[in-house]
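What follows is a set of notes on a single structure, which appears directly below.
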Amino acid sequence: MNEQNIYIVRCGEVALKGTNKPYFERMLVERVKKSLKDIENTEVKRYEGLIYVRTDKTTPQMDIIRRVSKVFGVASLSPAMECASDIDAIGEAAVEYMNNIIKEKGIETFKIKAKRADKNFPITSPEVARIVGAIVLKGCKVLKVDVHNPDCMLFVDVRHDKTYIFQDKIKGFGGLPLGTNGKGLVLFSGGIDSPVAAFMMAKRGMRIEAVHYHSYPYTSQRAQEKVEELARILSAYCGYIKLHIVNLLPIQEQIVEKCPEEESTILVRRFMMRIAEKIAEDNQCMMLITGENLGQVASQTAEGLVVTDETVSMPVMRPLIGMDKIDIMDMAREIETYETSILPYEDCCTVFLPKHPVTKPKSSRMADSESKLNVEELVNNAVKSVEVVHIGC
Amino acid sequence: MIYLDNSATTRQYDEVTDLIAKISKEEFGNPSSLHSLGLDAEKIVKRYRKDLIDKTNLKRITFTSGGTEADNMAIFSAARKYRRENKKYITTVIEHPAVLEAMKRLEMDGNKVAYIPVDSEGVINISALKEEIDKDTAFVSVMTVNNETGTVQPINEINKIIKEKAPNAIFHTDAVQAFGKMRLENINADMISISGHKFHGPKGIGALYSNEKLNLLPYIVGGGQENGLRSGTENVPGICGISLASSMSYRNFDKKMEKLTSLNEYLYNGLMSEVDDIRLNGAENRLPSVLNVSFLGTRAEVILHTVEQEAIYVSTGSACSSNKNGDSHVLSAMGLMHKDIEGAIRFSFSEFNNTSELDIVIDRFAKAVKRYRKLGSYR
């Protein structure tokens, strides 16, 4: 019927915004456009609180769905059929739509649900459903109505001049459009947690940069490959990610040599925070983000968090703080970082892991230990040696 | 770059690269085609196959996709032949996974498989083998040279024992690490596996030599190429490449072996004098192309990554992990403890190495080990 495929994109929370709504909507349209920028002949338009994406008929649906559903701010989307808001035209379109579905999926029963956004439309919603249902029954001989458990639920959305017919509502992640909420720097280990933490902040509209620490040659280069791969997966949601890579080995060597073994983990953690804050300041990031989770490991006890926090003045966001590991893992699977995160490289060498790390570190003890080190110089040297990798554009 | 990981793979001879390019461009015919282009390709395959034939005393060569397929083919062909009889299969604990995993498969299918242990130098326990072989034994597979230690197995002695105690049993040897590094004309076995990229040939091509009298059942079927033993369009450029590489690696062979022997000794002596607490893993009777050494009190993977920063490439006896699961099964079978395996480095040489490279290697290893031990001793 039409030479284009059309998709209805529903905004989630963006729609609830007050006077700022146009700004958020505009940002969302921009994001949707950007996610489709290398696909020719696509059109993204905002109209009556919805976003409509039109593409060539030949552009694979799965491709559009995969991309748009990853845009933050999108609540759901549906591949749809468009026709004139006229009961005969709607009936005709519905028959064509159902015939396609019968061909593809071999369904036997259906139900129609109609909605009038345009209350001036002369027929009420239940009436529309009844009339269109009758036309479909006549046009698609194999189909029967089943109002309780239909194989296919067909939605008819009657709007001002056009009507949209669709079946699936593919869920997006919701949230707010990227770039509406500043920029943060995530401490990105390559484990399961930090990508999820970055995702959660980005979902609220925050742009993301990342810093990764390694101890090469005590860790393998494959660990860095893995971190880059994770950033690549994330960039499908978060867009461009500037990844800062820092070798901590010089600091670790000093710590091992001069400080008590059981404090080494938490001391290293303190250095990571200090270095991250510097990098954040240099790159206009307003806050630090970590994948820390209360009590998960020795350095993430309440006491541990207190002594890592006190090394920086920048706010530290810990979006996973109250989550259970199992929920974090589920989320990692959902955002498709899990399989990469569990690749084994990163915990390759345990040389620097103390056998019995201190779980209740005290600020005064930390200060004592650090007085044996030239903290400022170590941090500055680390910042100077940063290597930057640009991920996704 | 100082490349000392020649047991993993080797740099392809330039002549081989050129030949492959030339054949790929000019002789792209399918040997099975009826037209003259196909015939040309067939002739080329025939010619290069002939060049390989005198490298062992077995007269049938079946080309495969590499060493793994050659090993699999030997084992699964034999197993198919004896599938209705309750037969026994014998191998060693130090084989390459291409053999061990295939044997495991036979076990899963209900066959009896025996794994012969090795001594502390990695040499097969002959008396255990003698005890295990009986008239029900259908198939024995023992590698010619071990890939991690270079230890050479007494193949002819094993063959003799097999032929006495189980005359009908098939004897296969995985010579992937031996070919091109020792003469194989006098090796007595019924089947021999080789792999192109281990002797400066191309990747993706290998071969199984076999006794023509052996009636084998194919395990890859299709168009019936390679006399029905291995279907699939012949890898014409690969066959040319592996054949030329074999000829080149056996050229001036004694001289090359002398060189490898002196390199091996040079490195070992150098490390012995510059680094404390190291131990040699493997036998006196080892191939000069391999030197396996444990730097006690270190983790080999860290040492590997330290020296790779100066473009020195070696290999380890253990995938670095905090538990024993990453340990080399070969070194474990030789009775090494986890702490020794952890620090095991394998150096493997080729004709392209020289002693001035080794001076650098000795120096960098001494430094890397020292740096590691300084941190380690803190523990």
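Source: prediction; values computed, not measured. Excluded from the calculations below are hydrogen atoms, water molecules and symmetry mates; all remaining heavy atoms, backbone and side chain alike, are included.
- Applying the side-chain hydrogen bond (donor to acceptor under 3.5 Å, both in side chains) criterion to B/Glu107, with sequence neighbours excluded, gives B/Tyr115.
- Looking at A/Glu257 and B/Lys374, a side-chain N of the basic residue comes within less than 4.0 Å of a carboxylate O on the acidic one, giving a salt bridge.
- Atom OG of A/Ser215 sits about 11.5 Å away from atom NE2 of B/His305, to the nearest 0.5 Å.
- Across all non-hydrogen atoms, the minimal contact from A/Tyr218 to B/Arg371 is OH-O, 4.3 Å.
- Take B/Glu265 and apply the side-chain hydrogen bond (donor to acceptor under 3.5 Å, both in side chains) test, not counting sequence neighbours, and it matches no residue.
- The side-chain heavy atoms of B/Glu301 and A/Ser220, taken from C-beta on, include a pair separated by under 4.5 Å.
- Residue A/Lys362 qualifies as open at atom NZ: its count of foreign heavy atoms under 6.0 Å is 12 or below.
- For A/Lys360, the NZ atom is loosely surrounded, since the number of other residues' heavy atoms within 6.0 Å does not exceed 12.
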